Asks: 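Dropping the structure in here first, questions after.
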There are 2 protein chains.
Amino acid sequence: MDLRHLRYFVAVAEEENIGRAATRLHISQPPLTRQIQQLEEELGVALFIRTPRGMELTQAGELFLEEARNIRALVEQATERTQRAGQGKLGRLDIAIFGSAILDLIPKLLLNFRNRHPDVKVVLHTMTKAEQIEAVRQRRISVGFNRMLEPLDDIVIKQVATEGLLVALHDDHPLARQSVIRFAELKDHPMILFPTGARPSFIDKVIGLCIENGFQPQISQEVGDAVTGVALVASGFGICLVPESATTLQFPGVTYRRLTDPPPNLLVDLSCIYRKGDQSPILAAFLRTVDDYQSAQPGAPKT
Amino acid sequence: MDLRHLRYFVAVAEEENIGRAATRLHISQPPLTRQIQQLEEELGVALFIRTPRGMELTQAGELFLEEARNIRALVEQATERTQRAGQGKLGRLDIAIFGSAILDLIPKLLLNFRNRHPDVKVVLHTMTKAEQIEAVRQRRISVGFNRMLEPLDDIVIKQVATEGLLVALHDDHPLARQSVIRFAELKDHPMILFPTGARPSFIDKVIGLCIENGFQPQISQEVGDAVTGVALVASGFGICLVPESATTLQFPGVTYRRLTDPPPNLLVDLSCIYRKGDQSPILAAFLRTVDDYQSAQPGAPKT
DNA sequence: TGAGATCATACCTAAGGAGTATCGAGAAGG
DNA sequence: CCTTCTCGATACTCCTTAGGTATGATCTCA
């Protein structure tokens, strides 16, 4: 049996007349007669009763008509859904984020993407950098977001944004009286550092900056992520260097101050990674969303 | 697209290797390659990623695999169900019966039929003789049961059984003391007759017999069916001639007596009618059940 | 009885599915 | 590092079979 047989059968059943059905199918009558005979022979069942006035469905034929319509609808739906999936409009996208970096940019990106592709299910996973790389390799996730990534053979790193560094201070902290602060002034103030774990990371950036400015940081506490760090600032544990996006966190008693040093050194990146050679149309659509978002932003990227 | 495409696609998806899939499908590798390409081209979607080790489904491919399996299962189910319908094992059978003649034989026939064809839905309709003939012509019913049918061009009459006549009497009735009764003895005893309405019918048979035996029946009451007639006998309205099968009705105060006259005249038929040329396999199966039932009965048919 | 439908049959053409042979690209192994 | 193996893709041929035209067989209806 063939989908053609079903199409022809439905036409004949609806027209109750082979000639008219043939016209409707844009073929001539004899081949249609033969296709119907063939179908009946294959099923071993009479689907029609031939009358002098045309073709009349048998009971079995009526049943088969229902089924045939069902099948044809299912086929149509399958092609349509598959095409949508092929255009990245239907399916699932697994994204990994790190600790607390979900602060500003990433929620906006996700929102954009979901508006454009409402039928793609976005699943978020929290992973460390090493876990993300492993998960991308094993295809458990399609995209991972992280900072300070180092080049790898099988993984593409796409810079999404660069952010400046701010100092988070308690309102009562002496430096909080200054509207701007030079990095060197941070010397001797107890400092909260993050994240613990995977190297190289934001923590190394901060320590490096301290050494460049001629001092060893006085470590008050090491914590897992920016949220915890800022929470400790609120409790008076010390100061904490954070990326700009952390200002979304408004803790009572915490103020953020800009650093006056020339920016090149004071920038930290946010990038995403994905498997080199990944052809997934959903990934492609997501990366397109990222690009579009960047070009819509004024102070943004360097692709 | 074609069911062949689906079959091939599923095989390749399952084997993850065109060569192996081709072997499984009993074709060679190149045509399979082309069919898959064709399918992808028609859908406008890459279903597989070609790797040096074989074929790997894309996300769209995975979706399409599900759909394809669905469709194939549905096709299989459709052919199977249609074949069963063609053998009269699946579907619906509309049967008409008259008034109260459902007394003995018909329930047994229906029970037999339902045991053999559990997936055929039997729908019973109560109709008069004329309604049955009309309904058979219009195909609202497939079979009708009735008595004393007269030949028609477009309808087949199949005799199902012949039954003798009995007299239903009240226990107190003088004739009830005799173990057997001659028909002529019924003279002058008030008689309940049925059915009213459509002619010719059982009532005419009874009146005919009275006249043959030299008397006009003394009509006490005309009623619609045997059940009502016997109920009136119980209430002392008179005697009532009924077919044998009415003995299933056991009313308090009612006894049945055999008539001693030679039988040929005292027989009444039960027949079924169906449309001449009706090819329905369900009808055929039902008629087969009737035949089998008759040949299983000792004192039965004359086909 | 003849005209008009309707489905079935006979025969031809050509589209396309399947086969064989072969290529090209990676992966594996000495 | 080069050979060999595996896998999918391509080129070309063959033959099945869907579709076309012409015609036949029935039945209805005027």
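Quick caveat: nothing in here was measured; it's all calculated off a predicted structure. Scope of the values below: all heavy atoms of this structure, side chains included, with no hydrogens, waters or symmetry mates.
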Asks: Quick one: which of dA18(D), dA18(C), dT6(C) gets closest to the side chain of Arg20(A)?
Replies: dT6(C)
Asks: For Leu32(B) and dA9(D), give me the distance from atom CG to atom C1', rounded to whole Å.
Replies: 12 Å
Asks: Is the phosphate of dA18(C), meaning OP1 or OP2, less than 4.0 Å from a side-chain N or O of Gln35(B)?
Replies: yes
Asks: Just by distance, no angles: are the side chains of Thr128(A) and Gln132(A) close enough, under 3.5 Å, to form a donor-acceptor pair?
Replies: no
Asks: If you measure from CZ on Arg137(B) to CG on Asp154(B), what distance do you get to the nearest 0.5 Å?
Replies: 4.0 Å
Asks: Out of dA9(D), dG19(C), dG19(D), which has the shortest distance to the side chain of Ile27(B)?
Replies: dG19(C)
Asks: Under the side chain to side chain contact (heavy atoms under 4.5 Å, CB included) test, which residues partner Asn112(B), sequence neighbours left out?
Replies: Thr289(B), Tyr293(B)
Asks: Is a donor from one side chain sitting under 3.5 angstrom from an acceptor on the other, for Thr79(B) and Gln83(B)?
Replies: no
Asks: Consider the side chain of Gln37(A), meaning its heavy atoms from C-beta on, and name the nucleotide among dA9(D), dA8(C), dG20(D) that approaches it most closely.
Replies: dA8(C)
Asks: Expressed in angstrom and rounded to an integer, what is the separation of Ile49(A) atom CD1 from dT26(D) atom P?
Replies: 20 Å
Asks: Rounded to whole Å, please give me the gap between CD1 in Ile18(A) and P in dC27(D).
Replies: 17 Å
Asks: Over how many whole Å does the gap from Leu25(A) atom CG to dG20(D) atom P extend?
Replies: 10 Å
Asks: Report the residue from Lys121(A), Arg139(A), His125(A), Arg140(A) that forms a side-chain hydrogen bond (donor to acceptor under 3.5 Å, both in side chains) with Asp94(A).
Replies: His125(A)
Asks: Starting at CD of Gln38(B) and ending at P of dG17(C), how long is that distance when rounded to a whole Å?
Replies: 5 Å
Asks: Mind running side-chain hydrogen bond (donor to acceptor under 3.5 Å, both in side chains) on Asp278(A) and Ser280(A) for me, showing each step along the way?
Replies: CA-CA 6 Å; Asp278(A) 191 335; Ser280(A) 157; 4.5 Å; no
Asks: Tell me the interatomic distance from Tyr8(B), atom OH, to dG16(C), atom C1', rounded to whole angstroms.
Replies: 12 Å
Asks: Could you tell me whether Phe48(A) contacts a base, only the sugar-phosphate backbone, or nothing, with contacts defined as non-hydrogen atoms closer than 4.0 Å?
Replies: nothing
Asks: Mind checking what makes salt bridge (charged side-chain N to carboxylate O under 4.0 Å, His left out) contact with Arg53(A), not counting sequence neighbours?
Replies: none
Asks: Taking only residues two or more places apart in sequence or in another chain, which ones pass salt bridge (charged side-chain N to carboxylate O under 4.0 Å, His left out) with Arg7(A)?
Replies: none
Asks: Which of residues 58-65 of chain A have a heavy atom under 4.0 Å from DNA chain C?
Replies: none
Asks: Rounded off to whole Å, could you give me the CG-to-C1' distance for the Leu57(B) and dG8(D) pair?
Replies: 16 Å
Asks: Starting from P on dG8(D), measure out to CG on Leu47(B) and report it in whole angstrom.
Replies: 15 Å
Asks: In B/S/- notation, 5' to 3', how is nucleotides 20-27 of chain C contacted by protein heavy atoms closer than 4.0 Å?
Replies: BB----SS
Asks: What pairs of residues pass the ring-ring contact (aromatic ring centres under 6.0 Å, His included) test when at least one of them lies in residues 38-92 of chain A, not counting sequence neighbours?
Replies: Phe9(A)-Phe48(A), Phe9(A)-Phe64(A)
